[in-house]
Amino acid sequence: MVQKFCQSCGMPLNNSNKGTNADGNPNEDYCIYCYKEGKFTQDFNMSQMIEFCTQFTDQINKEAGWNLTPQQAKEQMRQFFPTLKRWKQKDERSLTEKAAHLLSQCKEVTLASVNADGFPRPVPLDKIYSAGCNEVWVVTAKGSEKVADFNLNPKAGLSYSFYGDSVALRGTVEIITDDETRKQMWQEYFINYFPGGPADPNYVLIRFIGTEATIWINGEFAHVNLPK
């Protein structure tokens with residue numbers, strides 16, 4: 001009997017770990033960890049799937065009797081995964097469209113200001129809104145160091161990544177203080193930081209717009225100028 005493998009993650013398939021179709025019947029191509037009720041369980045591209053699976057190298061070694069390092073396991077997957085059904089399908093989106101999708105997958109970004117001494121100051125922040133691949137909104141306190149930096153110099157860097165794919169941007173920021181926008185962007189958990197609610201004078205928004213991007217997604221790399 002020929003051994004079948006999940007056509008997404010490469011796991012050996014058997015009757016106990018097959019995925020399910022929308023009608024509940026077993027799927028013959030994908031495992032239950034990748035495919036359930038007629039849908040993929042992870043919104044990954046191939047390189048992201050490889051990064052995800054590399055986390056389980058120890059478990060793979062134990063089950064298969066191998067002794068691979070994570071890097072060796074990753075290299076094997078890079079050779080094997082392009083032969084799998086899921087990854088044979090060409091992604092026709094442009095690189096900037098892929099970057100926009102990558103940004104939508106990220107809950108956190110790193111925003112870098114330039115301080116008064118000319119040094120970059122990167123800070124991880126929760127993303128509260130994004131558009132395209134280069135517009136990102138975050139929330140912060142009016143009295144924060146980054147707001148002081150941006151009031152002196154609006155130039156900024158911003159980066160985001162997800163399972164090995166990444167985008168680094170250069171651009172500028174705008175400090176948003178008008179009441180209408182602050183009310184529109186308000187989220188319930190902000191109350192933990194701004195007890196005065198949407199009208200709290202210490203509650204401000206930062207809107208970043210990137211004009212240059214360095215993109216690395218699923219093995220594609222490019223420097224891109226973006227429309228302002």
Side-chain angles (χ1 to χ4, degrees), residues 41-45 48 51-52 93-217 222-228:
T41 57
Q42 315 102 334
D43 184 14
F44 288 161
N45 60 38
Q48 290 169 353
E51 290 293 328
F52 177 79
R93 295 174 300 174
S94 69
L95 195 53
T96 54
E97 288 173 330
K98 294 174 185 176
H101 180 68
L102 180 66
L103 180 55
S104 74
Q105 294 174 297
C106 299
K107 294 181 179 180
E108 188 178 89
V109 299
T110 297
L111 178 65
S113 59
V114 180
N115 69 17
D117 296 321
F119 287 95
R121 184 175 178 273
V123 180
L125 296 164
D126 289 339
K127 179 195 73 178
I128 63 169
Y129 174 79
S130 65
C133 69
N134 65 325
E135 178 180 354
V136 181
W137 291 62
V138 298
V139 62
T140 192
K142 185 177 182 180
S144 66
E145 287 186 53
K146 54 185 165 293
V147 169
D149 288 344
F150 288 136
N151 281 332
L152 291 174
N153 183 352
K155 293 179 180 179
L158 185 142
S159 65
Y160 51 93
S161 62
F162 185 74
Y163 283 109
D165 289 343
S166 65
V167 174
L169 298 159
R170 292 198 297 179
T172 57
V173 303
E174 178 184 4
I175 307 298
I176 308 295
T177 59
D178 71 273
D179 291 341
E180 182 178 352
T181 306
R182 293 194 304 156
K183 186 175 181 180
Q184 289 175 349
M185 289 292 188
W186 179 262
Q187 298 183 27
E188 288 185 9
Y189 77 91
F190 292 176
I191 199 69
N192 297 315
Y193 309 99
F194 306 106
D200 192 311
N202 201 35
Y203 159 54
V204 298
L205 300 158
I206 294 177
R207 178 180 182 245
F208 171 89
I209 297 290
T211 55
E212 300 173 52
T214 301
I215 303 174
W216 172 262
I217 295 178
H223 294 295
V224 180
N225 291 320
L226 302 167
K228 297 181 180 180

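Numbers for residues simply follow the sequence, beginning at 1.
For the pair Asn115 (side chain) and Asp117 (backbone), a donor-acceptor distance under 3.5 Å is present. Lys127 contributes a side-chain N or O that, together with a main-chain N or O of Cys106, makes up a donor-acceptor pair within less than 3.5 Å. A distance-only check finds a donor-acceptor pair linking the side chain of Ser144 to the backbone of Ala141 [under 3.5 Å]. A donor-acceptor contact shorter than 3.5 Å links the side chain of Asn202 to the backbone of Lys142. Judged purely by atom type and a 3.5 angstrom limit, Glu97 uses its side chain to pair as donor or acceptor with the backbone of Ser94. A donor-acceptor pair under 3.5 Å links the side-chain atoms of Gln105 to the main chain of Asp43, judged by distance alone.
In this structure, Asp149 and Val147 have side chains that are not in contact, with every pair of non-hydrogen atoms separated by 4.5 Å or more. Inter-residue side-chain proximity for Val204 and Ile176 is flagged as unmet; no heavy-atom pair is nearer than 4.5 Å. When side chains are defined from C-beta on, Val136 counts as touching Leu103, because their heavy atoms get closer than 4.5 Å.
Listed here is the closest heavy atom pair of Gly197 and Ile191: N-CD1, 3.9 Å. When all heavy atoms are compared, the tightest approach of Phe150 to Ala156 is CE2-CB, 3.6 Å.
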Test side-chain contact (heavy atoms from CB on, under 4.5 Å) applied to Leu111 and Val123, step by step
CA-CA 5 Å; Leu111 178 65; Val123 180; 5.7 Å; no
List the steps and the verdict of side-chain contact (heavy atoms from CB on, under 4.5 Å) for Val139 and Tyr193.
CA-CA 10 Å; Val139 62; Tyr193 309 99; over 6 Å; no
Between Asn45 and His101, is the side-chain hydrogen bond (donor to acceptor under 3.5 Å, both in side chains) condition met? List the steps.
CA-CA 11 Å; Asn45 60 38; His101 180 68; over 6 Å; no
Given Glu51 and Asp165, is the side-chain contact (heavy atoms from CB on, under 4.5 Å) satisfied, shown in steps?
CA-CA 9 Å; Glu51 290 293 328; Asp165 289 343; over 6 Å; no
Set out, in order, the CA-CA distance, both residues' side-chain angles and the distance that settles side-chain contact (heavy atoms from CB on, under 4.5 Å) for Val167 and Leu158, then state yes or no.
CA-CA 8 Å; Val167 174; Leu158 185 142; over 6 Å; no
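Note: Arg207 CZ to Met185 CE = 9.0 Å, rounded to the nearest 0.5 Å. One finds the OG1 atom of Thr140 at 10.5 Å from the CD1 atom of Ile128 (value rounded to the nearest 0.5 Å). With rounding to the nearest 0.5 angstrom, the SG atom of Cys133 is 5.0 Å from the OH atom of Tyr160. Atom-to-atom distance recorded for Leu169:CG and Asn134:CG is 6.5 Å, nearest 0.5 angstrom. Here the CD-OG1 distance, from Glu174 to Thr181, works out to 8.5 Å after rounding to the nearest 0.5 Å. Atom OG1 of residue Thr96 and atom CG of residue Leu102 lie 12.5 Å apart, to the nearest 0.5 angstrom.
More than 12 heavy atoms of other residues, nucleotides or ligands lie within 6.0 Å of OH in Tyr189, so this atom counts as buried by the packing criterion.
Relative ring orientation between Trp186 and Tyr203 is described as perpendicular, the plane-to-plane angle rising above 60° on a 0-90° scale split at 30° and 60°.
Salt bridge annotation for Arg182-Asp179: present, with a cationic side-chain nitrogen under 4.0 angstrom from a carboxylate oxygen. Look at Glu145 and Arg121 and you find a salt bridge, because one of the NZ, NE, NH1 or NH2 atoms lies within 4.0 Å of a carboxylate O, short of that distance.
A side-chain donor-acceptor contact under 3.5 Å links Trp137 and Glu135.
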